[in-house]
**Student:** 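Let me begin by handing over the structure; questions about it come next.
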Amino acid sequence: MTEYNERFKTLATNVIHAGTPSPRINGAVVSPVFQSANYLMADEAAYDEVRYLRLSNSPSHLSLQARLAVIESAEQALVTASGMAAISNSILAFVGKGEHVLTQKTLYGGTQSLFDHDAPRFGISYDPIEVGAPETWAAALRPETGMVYVESITNPLMEVGDLRAIAAFARERDLISVIDNTFATPVNFRPLEVGFDIVVHSATKYLNGHSDIVAGAVMGSAEKVETIRQLMLHTGGSADPHACFLFERGLKTLAVRMERHNRNGSAMAEFLSAHPAVKKVNYPGLASDPGHRWARELFGGTSGMLSFYLGSDAAAERFLESVRIPVHAASLGGPETLVVRPAKSSHLGQTREDRERLGITDDLIRVSVGLEDLDELLEDFDRALSA
Ligand code: PLP
């Protein structure tokens, strides 16, 4: 009987060794790709015991899920086909017709569209809350509120709220609390340790870290993750074994990559905030940032994600045309620095009016600061900003 119970003391060791099959399958040091849709029947008594890829129970899933649970301080994890599969299944598993969700005012565009366009068809409504203003949350509650949904660092404004207070607020009122921890990563922040119920990730980003797969993850108590998995048996968002293999390979370097992303991100934020061409920088690692006090209290680092305003559409256009090292592309969290205009990509689904009300204007540039040499990167940004 293969077990997946390995775990060690530190995250840097666990990203490499936690969940390793024991005994190792055919002695393999690296978990092989189990590219088989189905498995021999044994004495299965229930549907869940059948081994089949849609049930997320191949050896490729089981070792990765065990590792993911350990690094987010969870009892159980579920790997999914995308971040949106993790998010949609986590929401729909716990709220339904007639229920209401409190959501952070700015969220990743896909998640916001899910609440705006799809949730109403399932009879689910929402109201946005200001995560930095705890005194306003209770007023947004309704008798039918069942969930609070936030991001540890928001996309694309890098907002950080009073996350410990949000988890406590939800717990006191018996609401399910869900947090998207994609931008912070478990290296910098582990939401379950401050009282959140469910963590979701777009593993497409930092967890895999190589811009070569789309995947997601859900972590939480065994009971809650199983509830989500049961829904996903029907919605069909399981991950392919080859994606699991690449995900597990990328995950092994998460701790070293985040050290560098944190360092490069902080230095880039300081550089941009001192640059005369830049109007304002959003980065929770800056002492002047509204989320800094909570980031300083709760986070071990503030990652490589930041955004900044250049004052005009034309200046933003000129900057994107002038940088040489960064790639002008969507997504984030890979080794290469990426630059993008959220108003023209992740938040294109929202109306201009809604975007501008939130501060997602056409001159806002989002940067995923990569792993390149910092001096060379800053030199390139300086040249492009002066163009
Ligand atoms: N959550 C955040 C914070 C994101 O930035 C994204 C994608 O950009 C997602 C979720 C969705 O992830 P995926 O594209 O893997 O479905």
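When a ligand or atom number is given, it counts from 1 through the structure's own listing order.
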**Student:** Please confirm whether T111 approaches ligand 1 to less than 4.0 Å, judged on its heavy atoms.
**Tutor:**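 No, that is not the case, since the closest heavy atom of the residue is not under 4.0 Å from the ligand.
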
**Student:** Counting heavy atoms not belonging to D373, are there more than 12 under 6.0 Å from its CG?
**Tutor:**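 Atom CG in D373 is packed in, count exceeds 12.
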
**Student:** Is S331 touching ligand 1 with its side chain, its backbone, both, or neither, if touching means heavy atoms under 4.0 Å apart?
**Tutor:**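 Neither part.
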
**Student:** Looking only at protein heavy atoms, identify the closest one to atom 12 (O) of ligand 1 and say how far it is in Å.
**Tutor:**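 I find the closest protein heavy atom is S202 OG, 3.0 Å.
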
**Student:** Do NZ/NE/NH1/NH2 and the carboxylate oxygens of R142 and D127 come within less than 4.0 Å?
**Tutor:**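 Yes.
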
**Student:** Which residue and non-hydrogen atom of the protein lie closest to atom 11 (C) of ligand 1, and at what distance in Å?
**Tutor:**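 In this structure, atom 11 (C) of ligand 1 has Y108 CE2, 3.5 Å as its nearest protein heavy atom.
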
**Student:** Inspect the contact between E321 and R318 and indicate whether a charged nitrogen and a carboxylate oxygen are less than 4.0 angstrom apart.
**Tutor:**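 Not counted as a salt bridge, because no side-chain N and carboxylate O are separated by less than 4.0 Å.
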
**Student:** Does A330 come within less than 4.0 angstrom of ligand 1, counting non-hydrogen atoms of the residue?
**Tutor:**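 Heavy atoms of A330 never come under 4.0 Å of ligand 1.
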
**Student:** So, applying salt bridge (charged side-chain N to carboxylate O under 4.0 Å, His left out) with R341, which one of D362, D363, D313 is it?
**Tutor:**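 Output: one option passes, namely D313.
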
**Student:** Identify, by atom number and element, the atoms of ligand 1 in contact range of A215, meaning under 4.0 Å from any of its heavy atoms.
**Tutor:**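 Listed by number with element, the hits are 15 (O).
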
**Student:** Quick check: do N89 and T80 have side-chain heavy atoms less than 4.5 Å from each other?
**Tutor:**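 In short, these two side chains do not touch, never coming nearer than 4.5 Å.
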
**Student:** Taking the side chain as every heavy atom from C-beta outward, state whether T182 and V200 have any atom pair closer than 4.5 Å.
**Tutor:**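 No, their side chains stay 4.5 Å or more apart.
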
**Student:** Quick one: nearest non-hydrogen protein atom to atom 15 (O) of ligand 1, plus distance?
**Tutor:**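 Answer for atom 15 (O) of ligand 1: T204 OG1, 2.6 Å.
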
**Student:** Could you find the nearest protein heavy atom to atom 5 (O) of ligand 1 and give me its residue, atom name and distance?
**Tutor:**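 Protein heavy atom at minimum distance: N155 ND2, 3.0 Å.
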
**Student:** Step through the shown structure and confirm whether more than 12 heavy atoms of other residues, nucleotides or ligands are within 6.0 Å of CZ on R260.
**Tutor:**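 Count over threshold, so yes.
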
**Student:** So is K205 in contact with ligand 1, going by heavy-atom distances below 4.0 Å?
**Tutor:**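 Right, K205 reaches ligand 1.
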
**Student:** Could you tell me the residue and atom name of the protein heavy atom closest to atom 2 (C) of ligand 1, and the distance to it rounded to 0.1 Å?
**Tutor:**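 The answer is D180 OD2, 3.5 Å.
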
**Student:** Give me the nearest non-hydrogen protein atom to atom 16 (O) of ligand 1 as residue plus atom name, then the distance to 0.1 Å.
**Tutor:**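 Residue, atom and distance for the closest contact: M84 N, 2.8 Å.
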
**Student:** When you look at OH of Y52, are more than 12 heavy atoms from neighbouring residues, nucleotides or ligands closer to it than 6.0 Å?
**Tutor:**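 Count not over threshold, so no.
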
**Student:** Please determine if G83 has a nitrogen or oxygen closer than 3.5 Å to a nitrogen or oxygen of ligand 1.
**Tutor:**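 Min N/O separation from ligand 1 is below 3.5 Å for G83.
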
**Student:** Taking the side chain as every heavy atom from C-beta outward, state whether M268 and L377 have any atom pair closer than 4.5 Å.
**Tutor:**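 SC-SC contact between M268 and L377 confirmed.
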
**Student:** Are any of the N/O atoms in F183 less than 3.5 Å from those in ligand 1?
**Tutor:**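 So ligand 1 has no N or O lying under 3.5 Å from an N or O of F183.
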
